[in-house]
Peer 1: 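Pasting a structure here, questions to come.
Computed from heavy atoms alone, side chains included, the values below leave out hydrogens, waters and symmetry copies.
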There are 2 protein chains.
Amino acid sequence: MQQARRPGGRSARVRQQVHEAVLDLLSEQDWHSLSIPQIAERSGVHQATVYRRWGTLEALVDDVVMERLSQESPVPDTGSLRGDLEAYAVQLAADVAGPLGPLYVRAAQISTRTQEHQTYLVDRAVQLQDMLERAAKRGEGSPDLLEFMEVIIAPVYYHAMFFNRPIGPDHARTLVDRLLRLRK
Amino acid sequence: MQQARRPGGRSARVRQQVHEAVLDLLSEQDWHSLSIPQIAERSGVHQATVYRRWGTLEALVDDVVMERLSQESPVPDTGSLRGDLEAYAVQLAADVAGPLGPLYVRAAQISTRTQEHQTYLVDRAVQLQDMLERAAKRGEGSPDLLEFMEVIIAPVYYHAMFFNRPIGPDHARTLVDRLLRLRK
DNA sequence: GGGCTAACGCAAGGAACTTCGCGTTAAAGT
DNA sequence: ACTTTAACGCGAAGTTCCTTGCGTTAGCCC
(Lines give C-alpha, C1' and ligand atoms only; values in the text may rest on other atoms or scores of the structure.)
Protein backbone atom coordinates (compact mmCIF):
# COMPACT_ATOMS: atom_id res chain seq x y z
CA MET A 1 0.00 0.00 0.00
CA GLN A 2 1.40 3.31 -1.06
CA GLN A 3 1.10 6.57 0.79
CA ALA A 4 -2.41 7.98 0.67
CA ARG A 5 -2.48 11.50 -0.62
CA ARG A 6 -6.07 12.12 0.25
CA PRO A 7 -6.86 9.96 3.26
CA GLY A 8 -9.74 11.96 4.70
CA GLY A 9 -13.47 11.37 4.76
CA ARG A 10 -14.44 9.06 1.98
CA SER A 11 -11.25 7.05 1.74
CA ALA A 12 -11.20 6.46 5.46
CA ARG A 13 -14.79 5.35 5.31
CA VAL A 14 -14.09 2.94 2.48
CA ARG A 15 -11.12 1.53 4.34
CA GLN A 16 -13.16 0.96 7.45
CA GLN A 17 -16.00 -0.68 5.54
CA VAL A 18 -13.62 -3.05 3.82
CA HIS A 19 -11.82 -3.89 7.06
CA GLU A 20 -15.11 -4.61 8.75
CA ALA A 21 -16.16 -6.84 5.89
CA VAL A 22 -12.95 -8.82 6.23
CA LEU A 23 -13.41 -9.30 9.96
CA ASP A 24 -17.04 -10.09 9.44
CA LEU A 25 -16.38 -12.74 6.81
CA LEU A 26 -13.53 -14.18 8.79
CA SER A 27 -15.85 -14.92 11.65
CA GLU A 28 -17.99 -17.07 9.37
CA GLN A 29 -15.47 -18.78 7.16
CA ASP A 30 -11.79 -19.39 7.07
CA TRP A 31 -9.14 -17.38 5.44
CA HIS A 32 -8.50 -19.73 2.55
CA SER A 33 -11.93 -19.18 1.07
CA LEU A 34 -11.80 -15.39 1.24
CA SER A 35 -11.74 -13.42 -1.99
CA ILE A 36 -11.69 -9.79 -3.01
CA PRO A 37 -14.97 -9.96 -4.98
CA GLN A 38 -16.59 -11.42 -1.88
CA ILE A 39 -15.20 -8.71 0.37
CA ALA A 40 -16.25 -6.05 -2.10
CA GLU A 41 -19.80 -7.28 -2.15
CA ARG A 42 -20.05 -7.57 1.62
CA SER A 43 -18.60 -4.13 2.21
CA GLY A 44 -20.60 -2.37 -0.47
CA VAL A 45 -17.37 -1.04 -1.94
CA HIS A 46 -16.71 -1.68 -5.60
CA GLN A 47 -14.25 -4.41 -6.59
CA ALA A 48 -12.14 -2.09 -8.66
CA THR A 49 -11.67 0.17 -5.67
CA VAL A 50 -10.39 -2.67 -3.54
CA TYR A 51 -8.05 -3.83 -6.29
CA ARG A 52 -6.71 -0.35 -6.83
CA ARG A 53 -6.06 0.33 -3.16
CA TRP A 54 -4.69 -3.00 -1.99
CA GLY A 55 -3.93 -4.91 -5.14
CA THR A 56 -4.05 -8.36 -3.62
CA LEU A 57 -5.95 -10.18 -0.92
CA GLU A 58 -2.70 -10.74 0.94
CA ALA A 59 -1.91 -7.04 1.06
CA LEU A 60 -5.41 -6.33 2.27
CA VAL A 61 -5.34 -8.79 5.14
CA ASP A 62 -1.87 -7.59 6.06
CA ASP A 63 -3.34 -4.13 6.34
CA VAL A 64 -6.14 -5.42 8.54
CA VAL A 65 -3.64 -7.23 10.73
CA MET A 66 -1.46 -4.17 11.13
CA GLU A 67 -4.50 -2.12 12.04
CA ARG A 68 -5.36 -4.57 14.81
CA LEU A 69 -1.81 -4.84 16.03
CA SER A 70 -1.49 -1.08 16.26
CA GLN A 71 -4.48 -1.03 18.59
CA GLU A 72 -3.41 -3.89 20.81
CA SER A 73 -2.41 -3.52 24.42
CA PRO A 74 1.25 -3.01 25.25
CA VAL A 75 3.34 -5.71 26.90
CA PRO A 76 2.29 -6.42 30.47
CA ASP A 77 3.86 -4.75 33.48
CA THR A 78 2.42 -6.46 36.51
CA GLY A 79 5.31 -5.92 38.84
CA SER A 80 6.63 -9.48 38.80
CA LEU A 81 8.36 -11.51 36.13
CA ARG A 82 5.98 -14.40 36.58
CA GLY A 83 2.99 -12.14 36.29
CA ASP A 84 4.31 -10.52 33.14
CA LEU A 85 5.16 -13.82 31.52
CA GLU A 86 1.84 -15.41 32.30
CA ALA A 87 -0.15 -12.42 31.16
CA TYR A 88 1.76 -12.25 27.92
CA ALA A 89 1.47 -15.97 27.23
CA VAL A 90 -2.25 -16.04 27.89
CA GLN A 91 -2.89 -13.00 25.71
CA LEU A 92 -0.76 -14.38 22.89
CA ALA A 93 -2.47 -17.74 23.06
CA ALA A 94 -5.86 -16.09 22.81
CA ASP A 95 -4.82 -13.95 19.86
CA VAL A 96 -3.26 -16.73 17.90
CA ALA A 97 -6.17 -19.07 18.52
CA GLY A 98 -8.81 -16.52 17.61
CA PRO A 99 -10.40 -16.02 14.21
CA LEU A 100 -7.52 -13.79 13.13
CA GLY A 101 -4.92 -16.25 14.36
CA PRO A 102 -3.94 -17.66 10.98
CA LEU A 103 -3.60 -14.12 9.67
CA TYR A 104 -1.28 -13.12 12.47
CA VAL A 105 0.82 -16.17 11.80
CA ARG A 106 0.91 -15.49 8.10
CA ALA A 107 1.83 -11.85 8.54
CA ALA A 108 4.72 -12.76 10.82
CA GLN A 109 6.19 -15.52 8.68
CA ILE A 110 9.50 -14.66 7.20
CA SER A 111 8.47 -15.59 3.68
CA THR A 112 5.44 -13.33 3.62
CA ARG A 113 6.44 -10.62 6.07
CA THR A 114 6.07 -7.02 4.94
CA GLN A 115 8.49 -4.24 5.76
CA GLU A 116 5.83 -2.63 7.89
CA HIS A 117 5.32 -5.80 9.88
CA GLN A 118 9.06 -6.27 10.22
CA THR A 119 9.26 -2.86 11.83
CA TYR A 120 6.46 -3.78 14.17
CA LEU A 121 8.19 -6.99 15.20
CA VAL A 122 11.45 -5.23 15.95
CA ASP A 123 9.62 -2.71 18.06
CA ARG A 124 7.77 -5.47 19.85
CA ALA A 125 11.02 -7.29 20.53
CA VAL A 126 12.39 -4.16 22.14
CA GLN A 127 9.33 -3.93 24.39
CA LEU A 128 9.74 -7.55 25.44
CA GLN A 129 13.41 -6.98 26.09
CA ASP A 130 12.44 -4.09 28.34
CA MET A 131 9.98 -6.29 30.15
CA LEU A 132 12.69 -8.81 30.91
CA GLU A 133 15.13 -6.12 31.95
CA ARG A 134 12.63 -4.64 34.36
CA ALA A 135 12.59 -8.00 36.09
CA ALA A 136 16.36 -8.17 36.12
CA LYS A 137 16.55 -4.76 37.76
CA ARG A 138 14.15 -5.91 40.43
CA GLY A 139 16.66 -8.62 41.19
CA GLU A 140 14.65 -11.43 39.66
CA GLY A 141 16.85 -13.76 37.65
CA SER A 142 15.61 -13.06 34.18
CA PRO A 143 15.86 -15.11 30.99
CA ASP A 144 17.16 -13.57 27.82
CA LEU A 145 14.85 -12.79 24.92
CA LEU A 146 15.75 -15.81 22.83
CA GLU A 147 15.13 -18.17 25.70
CA PHE A 148 11.78 -16.51 26.32
CA MET A 149 10.79 -16.85 22.69
CA GLU A 150 11.80 -20.48 22.47
CA VAL A 151 10.29 -21.67 25.73
CA ILE A 152 7.11 -19.57 25.84
CA ILE A 153 6.23 -18.12 22.47
CA ALA A 154 7.23 -21.05 20.27
CA PRO A 155 5.05 -23.59 22.13
CA VAL A 156 2.11 -21.20 22.07
CA TYR A 157 2.29 -20.94 18.30
CA TYR A 158 2.97 -24.64 18.05
CA HIS A 159 -0.18 -25.58 19.95
CA ALA A 160 -2.36 -23.20 18.02
CA MET A 161 -1.10 -24.43 14.68
CA PHE A 162 -0.74 -28.14 15.25
CA PHE A 163 -3.17 -29.06 17.98
CA ASN A 164 -6.86 -28.68 18.33
CA ARG A 165 -7.07 -26.91 21.61
CA PRO A 166 -5.08 -23.74 22.19
CA ILE A 167 -3.12 -23.13 25.33
CA GLY A 168 -5.19 -21.97 28.28
CA PRO A 169 -4.15 -20.15 31.45
CA ASP A 170 -3.26 -23.43 33.16
CA HIS A 171 -0.93 -24.60 30.46
CA ALA A 172 0.52 -21.12 30.09
CA ARG A 173 1.53 -21.40 33.70
CA THR A 174 3.30 -24.65 32.95
CA LEU A 175 5.34 -22.94 30.26
CA VAL A 176 6.24 -20.09 32.58
CA ASP A 177 7.23 -22.53 35.32
CA ARG A 178 9.49 -24.25 32.89
CA LEU A 179 11.22 -21.05 31.90
CA LEU A 180 11.67 -19.91 35.47
CA ARG A 181 13.04 -23.30 36.48
CA LEU A 182 15.77 -22.93 33.88
CA ARG A 183 17.00 -19.79 35.57
CA LYS A 184 17.93 -21.52 38.82
CA MET B 1 -7.29 -38.69 -3.57
CA GLN B 2 -9.46 -41.72 -4.00
CA GLN B 3 -8.34 -45.26 -4.30
CA ALA B 4 -6.63 -45.98 -7.61
CA ARG B 5 -8.22 -48.86 -9.40
CA ARG B 6 -5.56 -49.10 -12.06
CA PRO B 7 -2.34 -47.84 -10.51
CA GLY B 8 0.12 -49.66 -12.76
CA GLY B 9 2.34 -48.48 -15.60
CA ARG B 10 0.98 -45.32 -17.09
CA SER B 11 -0.74 -43.91 -14.01
CA ALA B 12 2.35 -44.48 -11.91
CA ARG B 13 4.45 -42.77 -14.55
CA VAL B 14 2.12 -39.79 -14.66
CA ARG B 15 2.16 -39.52 -10.92
CA GLN B 16 5.92 -39.57 -10.81
CA GLN B 17 6.25 -36.99 -13.58
CA VAL B 18 3.86 -34.65 -11.81
CA HIS B 19 5.60 -35.11 -8.48
CA GLU B 20 8.95 -34.40 -10.06
CA ALA B 21 7.58 -31.28 -11.69
CA VAL B 22 6.35 -30.06 -8.32
CA LEU B 23 9.71 -30.64 -6.66
CA ASP B 24 11.45 -29.12 -9.61
CA LEU B 25 9.36 -25.97 -9.61
CA LEU B 26 9.59 -25.68 -5.86
CA SER B 27 13.35 -25.47 -6.09
CA GLU B 28 13.05 -22.40 -8.34
CA GLN B 29 10.11 -20.55 -6.88
CA ASP B 30 8.06 -20.56 -3.77
CA TRP B 31 4.92 -22.39 -3.05
CA HIS B 32 2.58 -19.40 -3.29
CA SER B 33 3.24 -18.94 -6.98
CA LEU B 34 2.71 -22.57 -7.93
CA SER B 35 -0.27 -23.46 -10.09
CA ILE B 36 -1.68 -26.58 -11.64
CA PRO B 37 -1.41 -25.31 -15.24
CA GLN B 38 2.24 -24.60 -14.57
CA ILE B 39 2.87 -28.03 -13.12
CA ALA B 40 1.04 -29.63 -16.02
CA GLU B 41 3.19 -27.86 -18.55
CA ARG B 42 6.42 -28.68 -16.77
CA SER B 43 5.55 -32.33 -16.32
CA GLY B 44 4.22 -32.85 -19.82
CA VAL B 45 1.00 -34.19 -18.33
CA HIS B 46 -2.23 -32.59 -19.46
CA GLN B 47 -4.01 -30.14 -17.16
CA ALA B 48 -7.24 -32.07 -17.20
CA THR B 49 -5.43 -35.16 -16.00
CA VAL B 50 -3.99 -33.32 -13.02
CA TYR B 51 -7.35 -31.81 -12.15
CA ARG B 52 -9.08 -35.16 -12.40
CA ARG B 53 -6.58 -36.99 -10.23
CA TRP B 54 -5.88 -34.44 -7.55
CA GLY B 55 -8.58 -31.83 -7.92
CA THR B 56 -6.73 -29.01 -6.21
CA LEU B 57 -3.19 -27.80 -5.84
CA GLU B 58 -3.43 -28.37 -2.11
CA ALA B 59 -4.34 -32.02 -2.53
CA LEU B 60 -1.50 -32.46 -4.96
CA VAL B 61 1.17 -31.03 -2.71
CA ASP B 62 -0.24 -33.01 0.19
CA ASP B 63 0.28 -36.10 -1.91
CA VAL B 64 3.83 -35.07 -2.67
CA VAL B 65 4.49 -34.46 1.00
CA MET B 66 3.09 -37.83 2.03
CA GLU B 67 5.22 -39.50 -0.59
CA ARG B 68 8.34 -37.90 0.85
CA LEU B 69 7.36 -38.61 4.43
CA SER B 70 6.77 -42.26 3.66
CA GLN B 71 10.33 -42.51 2.40
CA GLU B 72 11.97 -40.68 5.26
CA SER B 73 14.26 -42.30 7.77
CA PRO B 74 12.79 -43.62 11.00
CA VAL B 75 13.36 -41.92 14.33
CA PRO B 76 16.97 -42.17 15.51
CA ASP B 77 18.23 -44.91 17.79
CA THR B 78 21.76 -43.96 18.67
CA GLY B 79 21.93 -45.67 22.04
CA SER B 80 21.71 -42.53 24.15
CA LEU B 81 18.90 -40.08 24.80
CA ARG B 82 21.07 -37.11 23.98
CA GLY B 83 22.16 -38.67 20.73
CA ASP B 84 18.62 -39.45 19.71
CA LEU B 85 17.34 -36.00 20.57
CA GLU B 86 20.12 -34.18 18.77
CA ALA B 87 19.84 -36.34 15.69
CA TYR B 88 16.11 -35.82 15.54
CA ALA B 89 16.31 -32.09 16.08
CA VAL B 90 18.97 -31.61 13.41
CA GLN B 91 17.07 -33.70 10.88
CA LEU B 92 13.81 -31.90 11.58
CA ALA B 93 15.46 -28.51 11.30
CA ALA B 94 16.93 -29.45 7.94
CA ASP B 95 13.59 -30.73 6.63
CA VAL B 96 11.57 -27.78 7.76
CA ALA B 97 14.09 -25.28 6.43
CA GLY B 98 14.45 -26.98 3.05
CA PRO B 99 12.51 -26.15 -0.09
CA LEU B 100 9.66 -28.39 1.02
CA GLY B 101 9.58 -26.87 4.49
CA PRO B 102 6.53 -24.69 4.01
CA LEU B 103 4.70 -27.68 2.55
CA TYR B 104 5.50 -29.84 5.54
CA VAL B 105 4.24 -27.11 7.82
CA ARG B 106 1.08 -26.66 5.82
CA ALA B 107 0.36 -30.38 5.69
CA ALA B 108 0.72 -30.67 9.45
CA GLN B 109 -1.41 -27.69 10.39
CA ILE B 110 -4.63 -28.61 12.06
CA SER B 111 -6.75 -26.49 9.75
CA THR B 112 -5.44 -28.10 6.57
CA ARG B 113 -4.44 -31.56 7.80
CA THR B 114 -5.73 -34.53 5.84
CA GLN B 115 -6.87 -37.79 7.38
CA GLU B 116 -3.89 -39.51 5.82
CA HIS B 117 -1.51 -37.04 7.38
CA GLN B 118 -3.25 -37.31 10.70
CA THR B 119 -2.62 -41.04 10.65
CA TYR B 120 1.01 -40.41 9.84
CA LEU B 121 1.37 -37.98 12.74
CA VAL B 122 -0.15 -40.39 15.22
CA ASP B 123 2.19 -43.10 14.04
CA ARG B 124 5.13 -40.72 14.28
CA ALA B 125 4.12 -39.77 17.81
CA VAL B 126 4.15 -43.41 18.79
CA GLN B 127 7.64 -43.80 17.39
CA LEU B 128 8.86 -40.80 19.34
CA GLN B 129 7.20 -42.12 22.45
CA ASP B 130 9.11 -45.38 21.94
CA MET B 131 12.32 -43.44 21.53
CA LEU B 132 11.79 -41.74 24.87
CA GLU B 133 10.83 -44.99 26.55
CA ARG B 134 13.94 -46.70 25.31
CA ALA B 135 15.91 -44.04 27.15
CA ALA B 136 13.82 -44.54 30.27
CA LYS B 137 14.49 -48.26 30.22
CA ARG B 138 18.19 -47.58 29.98
CA GLY B 139 17.81 -45.68 33.21
CA GLU B 140 18.16 -42.26 31.68
CA GLY B 141 15.69 -39.79 33.12
CA SER B 142 13.47 -39.20 30.15
CA PRO B 143 11.06 -36.36 29.35
CA ASP B 144 7.52 -37.06 28.32
CA LEU B 145 6.37 -36.53 24.75
CA LEU B 146 4.64 -33.22 25.34
CA GLU B 147 7.69 -31.76 26.99
CA PHE B 148 9.83 -32.96 24.10
CA MET B 149 7.51 -31.40 21.56
CA GLU B 150 7.33 -28.09 23.36
CA VAL B 151 11.02 -27.71 24.15
CA ILE B 152 12.56 -29.19 20.99
CA ILE B 153 10.10 -29.39 18.13
CA ALA B 154 8.24 -26.15 18.71
CA PRO B 155 11.38 -23.96 18.66
CA VAL B 156 12.62 -25.72 15.53
CA TYR B 157 9.42 -24.84 13.70
CA TYR B 158 9.43 -21.39 15.22
CA HIS B 159 12.89 -20.57 13.92
CA ALA B 160 12.18 -21.89 10.46
CA MET B 161 8.97 -19.93 10.16
CA PHE B 162 9.83 -16.67 11.84
CA PHE B 163 13.57 -16.25 11.51
CA ASN B 164 15.84 -16.12 8.57
CA ARG B 165 18.34 -18.76 9.51
CA PRO B 166 17.19 -22.20 10.54
CA ILE B 167 18.52 -24.02 13.54
CA GLY B 168 21.91 -25.69 13.02
CA PRO B 169 23.56 -28.51 14.92
CA ASP B 170 24.98 -26.10 17.47
CA HIS B 171 21.67 -24.55 18.33
CA ALA B 172 19.99 -27.95 18.28
CA ARG B 173 22.39 -28.95 21.03
CA THR B 174 21.30 -25.93 23.05
CA LEU B 175 17.69 -27.06 22.83
CA VAL B 176 18.59 -30.60 23.87
CA ASP B 177 20.65 -29.29 26.77
CA ARG B 178 17.67 -27.30 27.91
CA LEU B 179 15.37 -30.29 27.82
CA LEU B 180 17.81 -32.51 29.67
CA ARG B 181 18.41 -29.86 32.29
CA LEU B 182 14.71 -29.86 33.08
CA ARG B 183 14.86 -33.52 34.01
CA LYS B 184 17.21 -33.07 36.91
C1' DG C 1 -4.30 -62.75 -26.68
C1' DG C 2 -8.90 -60.41 -26.19
C1' DG C 3 -12.53 -57.74 -23.82
C1' DC C 4 -13.57 -54.26 -20.58
C1' DT C 5 -13.01 -49.80 -18.99
C1' DA C 6 -9.95 -46.72 -16.02
C1' DA C 7 -7.03 -43.22 -17.06
C1' DC C 8 -5.27 -40.02 -20.28
C1' DG C 9 -5.05 -36.34 -24.15
C1' DC C 10 -7.32 -32.85 -26.45
C1' DA C 11 -10.12 -28.86 -27.21
C1' DA C 12 -14.01 -26.22 -26.21
C1' DG C 13 -16.74 -24.00 -22.74
C1' DG C 14 -17.68 -21.83 -18.44
C1' DA C 15 -16.53 -19.51 -14.17
C1' DA C 16 -13.87 -16.68 -11.25
C1' DC C 17 -10.60 -13.32 -10.79
C1' DT C 18 -8.25 -9.04 -12.27
C1' DT C 19 -7.52 -4.97 -15.07
C1' DC C 20 -8.86 -0.91 -17.74
C1' DG C 21 -11.21 3.28 -19.59
C1' DC C 22 -14.22 6.74 -18.51
C1' DG C 23 -17.42 9.54 -16.14
C1' DT C 24 -18.53 11.17 -11.32
C1' DT C 25 -17.75 12.47 -6.55
C1' DA C 26 -15.60 14.76 -3.03
C1' DA C 27 -11.07 15.79 -0.34
C1' DA C 28 -7.40 19.26 -0.07
C1' DG C 29 -5.43 23.59 -1.02
C1' DT C 30 -5.94 28.40 -2.29
C1' DA D 1 -16.33 29.58 -2.57
C1' DC D 2 -13.55 27.80 -6.38
C1' DT D 3 -10.10 24.83 -8.61
C1' DT D 4 -7.63 20.73 -8.97
C1' DT D 5 -7.33 16.00 -9.09
C1' DA D 6 -7.23 11.77 -5.95
C1' DA D 7 -10.27 8.32 -5.15
C1' DC D 8 -14.41 6.02 -6.27
C1' DG D 9 -18.32 3.69 -9.09
C1' DC D 10 -19.55 1.38 -13.09
C1' DG D 11 -19.38 -1.74 -16.88
C1' DA D 12 -16.69 -4.01 -20.24
C1' DA D 13 -12.72 -6.43 -21.60
C1' DG D 14 -8.95 -9.42 -20.55
C1' DT D 15 -6.73 -13.15 -18.17
C1' DT D 16 -6.26 -17.29 -15.67
C1' DC D 17 -8.18 -21.07 -13.72
C1' DC D 18 -11.13 -25.03 -13.77
C1' DT D 19 -14.63 -28.23 -15.85
C1' DT D 20 -16.72 -31.11 -19.31
C1' DG D 21 -17.54 -34.10 -23.38
C1' DC D 22 -15.49 -37.17 -26.39
C1' DG D 23 -12.20 -39.94 -28.65
C1' DT D 24 -7.91 -42.69 -27.73
C1' DT D 25 -4.60 -45.41 -25.09
C1' DA D 26 -3.29 -48.98 -22.26
C1' DG D 27 -3.73 -51.51 -17.52
C1' DC D 28 -6.10 -55.37 -15.53
C1' DC D 29 -8.56 -59.64 -15.59
C1' DC D 30 -10.04 -63.74 -17.76
Peer 1: Less than 4.0 Å between a side-chain N and a carboxylate O, is that true for A:E72 and A:R124?
Peer 2: yes
Peer 1: Can a donor-acceptor pair be found, under 3.5 Å and without considering hydrogens, that links the side chain of A:R138 to the backbone of A:G79?
Peer 2: yes
Peer 1: More 5' along DNA chain D: A:V45 or B:R10, using each one's nearest nucleotide?
Peer 2: A:V45
Peer 1: How many whole angstroms separate atom CZ of B:R13 from atom C1' of D:dA26?
Peer 2: 9 Å
Peer 1: Just how far, in rounded Å, is P of D:dC18 from CZ of B:R53?
Peer 2: 18 Å
Peer 1: Check whether any side-chain N or O of B:S11 sits under 4.0 Å from OP1 or OP2 of C:dA6, and answer yes or no.
Peer 2: no
Peer 1: Kindly give the atom pairs (protein nitrogen or oxygen, nucleotide nitrogen or oxygen) under 3.5 Å for nucleotides 10-12 of chain D.
Peer 2:
unit_1, atom_1, unit_2, atom_2, d
D:dC10, N4, A:R52, NH2, 3.4

Peer 1: Where along residues 24-39 of chain B does a heavy atom come under 4.0 Å from DNA chain D, residue by residue in number order?
Peer 2: B:S35, B:P37
Peer 1: Is B:E150 salt-bridged to A:R178, cutoff N-O under 4.0 Å?
Peer 2: yes
Peer 1: Atom CD of B:E41 and atom C1' of D:dT16: how far apart are they, to the nearest Å?
Peer 2: 13 Å
Peer 1: For DNA chain D, whose closest nucleotide is more 5', that of B:G9 or that of A:T49?
Peer 2: A:T49
Peer 1: So, the side chain of A:T112 versus the backbone of A:A107: is there a donor-acceptor pair under 3.5 Å, distance only?
Peer 2: no
Peer 1: Is the number of heavy atoms from other residues, nucleotides or ligands under 6.0 Å of A:Q29 CD greater than 12?
Peer 2: yes
Peer 1: Atom OH of A:Y51 and atom P of C:dC20: how far apart are they, to the nearest Å?
Peer 2: 13 Å
Peer 1: State whether the side chain of A:S43 and the backbone N or O of A:I39 hold a donor-acceptor pair below 3.5 Å, judged by distance alone.
Peer 2: yes
Peer 1: Under 4.0 Å between a Lys/Arg side-chain N and an Asp/Glu carboxylate O for B:R134 and B:E140?
Peer 2: no
Peer 1: Kindly state whether the ring of A:Y157 and the ring of B:Y157 have centres lying under 6.0 angstrom apart.
Peer 2: no
